Amino acid sequence: MGLKHRIHPLAAAIALDQLGHLDDYLTGRNRIAAHIADRLEGLPGIVAPRPGPEIRPSWYGIALQYRPEELSGIPVERIHQALLAEGCREIDRPGSTCPLNLLELFQTPGTLFPEYAGEFAYRPGEFPHAEHLHRHTLKLPVWHREHDLSLVDRYLDAIEKVIRHANHLKGSTS
């Protein structure tokens, strides 16, 4: 349940070492995220976020928004399956990073925290905009090294291929 408040000493040493490179990692991730957004711009059905210049994201992944209405209503699951079939193993659908009302803890908090039993209970459907966003998200890692650009471009080539041939996914079930 995420209530463990300690870190293994080796993990702490690795994290401490990596903090010394944080600015380089963030600069690299921002450069690659911008490259992803640039390549996907204008492609129907997929929108990449573009933070304003006053924002410095700490990307670990980029949440691409799928717009089924731009691709004849093909479900996001079919697009995801097609991307996996193209070898895009790192493209993922969000799971635990969902609206809180979809998590059991917020639906029945009394199970873990008896003092909150009956205090509140959220249900699916109470936050339709957040749930829509969650249902239509595809996550892609944001690498940070310049030599990762060829891998990033292979992912982007596959995304473009799937989107450009999305009409072949209509009615397909596997």
Side-chain angles (χ1 to χ4, degrees), residues 1-2 25-26 28-109 111 120-145 148-174:
M1 296 302 257
Y25 293 160
L26 293 179
R29 288 181 194 277
N30 283 316
R31 187 173 50 252
I32 294 208
H35 177 73
I36 291 170
D38 289 345
R39 281 275 312 266
L40 296 178
E41 189 170 339
L43 194 65
I46 295 285
V47 177
R50 286 194 179 270
E54 71 284 359
I55 297 171
R56 187 171 186 207
S58 58
W59 307 99
Y60 74 94
I62 190 167
L64 305 174
Q65 278 304 293
Y66 174 62
R67 301 225 170 122
E69 66 277 7
E70 295 178 9
L71 294 175
S72 304
I74 297 168
V76 67
E77 293 83 8
R78 286 296 303 124
I79 298 295
H80 184 230
Q81 289 170 355
L83 290 168
L84 292 175
E86 288 295 322
C88 297
R89 290 182 173 82
E90 297 296 325
I91 288 185
D92 195 12
R93 300 290 317 288
S96 63
T97 54
C98 64
L100 295 180
N101 65 306
L102 301 180
L103 296 174
E104 170 107 18
L105 176 63
F106 292 90
Q107 293 175 6
T108 55
T111 304
F120 62 90
Y122 296 109
R123 298 282 172 250
E126 290 189 35
F127 300 98
H129 296 292
E131 292 171 39
H132 176 83
L133 186 73
H134 175 256
R135 277 192 310 273
H136 293 90
T137 296
L138 293 164
K139 297 184 306 183
L140 180 63
V142 179
W143 294 269
H144 65 273
R145 298 172 301 198
D148 293 327
L149 273 174
S150 63
L151 175 62
V152 173
D153 282 333
R154 287 195 304 268
Y155 270 82
L156 295 171
D157 291 344
I159 291 170
E160 289 173 350
K161 178 182 176 185
V162 167
I163 295 300
R164 297 210 188 287
H165 296 92
N167 60 319
H168 298 295
L169 300 176
K170 290 180 76 172
S172 179
T173 58
S174 59

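These values consider heavy atoms only, across backbone and side chains, with no hydrogens, waters or symmetry-generated copies. All of these numbers come straight from a predicted model, not from anything done at the bench.
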Open item on the list: Would R135 and V76 count as a side-chain contact (heavy atoms from CB on, under 4.5 Å) here? Give the steps.
Closed with: CA-CA 8 Å; R135 277 192 310 273; V76 67; 5.9 Å; no

TODO: For side-chain hydrogen bond (donor to acceptor under 3.5 Å, both in side chains), just list the numbers for D153 and H35, CA-CA rounded to whole Å, side-chain angles, deciding distance to a tenth of an Å, and then say yes or no.
DONE: CA-CA 9 Å; D153 282 333; H35 177 73; 2.6 Å; yes

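- Looking only at atom types and distance, the side chain of T111 has no donor-acceptor partner in the side chain of E104 under 3.5 Å away.
- Listed here is the closest heavy atom pair of S58 and L26: CA-CD2, 3.5 Å.
- Summarising the geometry, atom OH belonging to Y66 is positioned 5.0 Å from atom CD1 belonging to I74; distances are rounded to the nearest 0.5 Å.
- In terms of heavy-atom proximity, H134 sits nearest to G95 at NE2-O, 3.8 Å.
- For the pair Y155 and I91, the minimum side-chain heavy-atom distance is below 4.5 Å.
- Taking 4.0 Å as the cut-off between side-chain N and carboxylate O, D38 and R50 count as a salt-bridged pair.
- A salt bridge is absent between E90 and K139; no separation between the charged side-chain nitrogens and carboxylate oxygens falls under 4.0 Å.
- Nearest heavy atom pair, residue I32 against residue R145, reads CD1-O, 3.6 Å.
- Atoms NE2 and CG, on H136 and L64 in that order, are 14.0 Å from each other to the nearest 0.5 Å.
- Inter-residue side-chain proximity for P141 and Y60 is flagged as unmet; no heavy-atom pair is nearer than 4.5 Å.
- Going from atom OH of Y122 over to atom CG of L102 covers 13.0 Å, rounded to the nearest 0.5 Å.
- Closest heavy-atom contact between L71 and P44: CD1-O, 4.1 Å.
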- [ ] Verify side-chain contact (heavy atoms from CB on, under 4.5 Å) between S72 and N167, making sure each step is shown before the conclusion.
- [x] CA-CA 8 Å; S72 304; N167 60 319; over 6 Å; no

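- Minimum heavy-atom separation, N101 to P124: ND2-CA, 3.7 Å.
- Taking CD1 of I46 as the reference point, atom CG of L138 lies at 5.5 Å (rounded to 0.5 Å).
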- [ ] Take L169 and V162 through the test side-chain contact (heavy atoms from CB on, under 4.5 Å) and record every step on the way to the result.
- [x] CA-CA 9 Å; L169 300 176; V162 167; 4.1 Å; yes

Open item on the list: Let's go through W143 and V152 carefully: what are the C-alpha distance in whole Å and the side-chain angles of both, what is the deciding distance for side-chain contact (heavy atoms from CB on, under 4.5 Å) to 0.1 Å, and is it a yes or a no?
Closed with: CA-CA 8 Å; W143 294 269; V152 173; 3.3 Å; yes

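- A donor-acceptor contact closer than 3.5 angstrom is absent between the side chains of H80 and D92.
- Side-chain contact between E41 and V47 is absent, with no heavy atoms from C-beta onward closer than 4.5 Å.
- Rounding to the nearest 0.5 angstrom, the gap separating the NZ atom in K161 from the NE2 atom in H165 is 7.5 Å.
- In this structure, the side chains of E77 and R93 come closer than 4.5 Å at one or more pairs of heavy atoms.
- Annotation for L40 and A48: closest pair CD1-CB, 4.5 Å, computed over non-hydrogen atoms.
- Checked by atom type and distance alone, the side chain of E86 never pairs as donor or acceptor with a backbone atom of A158 at under 3.5 Å.
- The 12-atom threshold is exceeded at CZ of R123, counting heavy atoms of other residues, nucleotides or ligands nearer than 6.0 Å.
- Under the 6.0 Å cut-off for aromatic ring centres, Y25 and W59 do not qualify, their centroids lying 6.0 Å or more apart.
- Here the CD1 atom belonging to I62 is positioned 12.0 Å from the CZ atom belonging to R29, to the nearest 0.5 angstrom.
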